[in-house]
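Each ligand, and each atom within it, is numbered from 1 in the order the structure gives. Start at 1 with the first residue, then count along the sequence. What you see is a predicted model; the values in this text were computed from it and never measured.
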Amino acid sequence: MEAGLSGRCLECGEGRLFSRWLTFEPRCLACGADFASFEDAGDGPAVFVIFIVGILIVPIPVLLSLALGWSIWLLRVLRGVIFAQGWAKHAREQQFKNT
Ligand SMILES: [Zn+2]
């Protein structure tokens, strides 16, 4: 597992495991281990990537939609408060004019 994480040869730990970003070397340049005849990762890595990225990414739009809902609720509350303050000030001014 450590060799797989480091991208090094599974036999000697010296040679590179990958020739390009996702392409395995056909064989280890250091010890000659044959990777080409064994390579069969299948869809396993893609499934793990989908699960991991899904766990990390899916909550973001959910949190954003919750934030939007809270913003709309808070906007209504603050509009009511500011409107009430204006109403009270106007009522006081009318009261002073009448006295
Ligand atoms: Zn090797």
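For the side chain to side chain donor-acceptor pair (under 3.5 Å) test, residues two or more places apart in sequence or in another chain that qualify with Arg16 are Glu25.
Through direct or relayed side-chain contacts under 4.5 Å between Ile, Leu, Val, Met, Phe, Trp and Tyr, Trp87 connects to Phe83.
Residue Phe18 is grouped with residue Leu10 when hydrophobic side chains (ILVMFWY) are merged at heavy-atom distances under 4.5 angstrom, including chains of intermediate members. Linking Ile, Leu, Val, Met, Phe, Trp and Tyr residues whenever their side-chain heavy atoms come within less than 4.5 Å leaves Phe51 and Ile57 in two separate clusters.
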Which pairs of donor and acceptor atoms, one on a side chain in residues 58-72, lie under 3.5 Å apart (sequence neighbours left out)?
from, atom 1, to, atom 2, distance (Å)
Ser65, OG, Pro61, O, 3.3
Ser65, OG, Val62, O, 2.8
Ser71, OG, Ala67, O, 2.8

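Protein N/O/S atoms found under 2.8 Å from the Zn ion (ligand 1): Cys9 SG, Cys12 SG, Cys28 SG, Cys31 SG.
Remark: Glu2 CD is loosely packed, at most 12 non-hydrogen atoms of other residues, nucleotides or ligands lying under 6.0 Å away.
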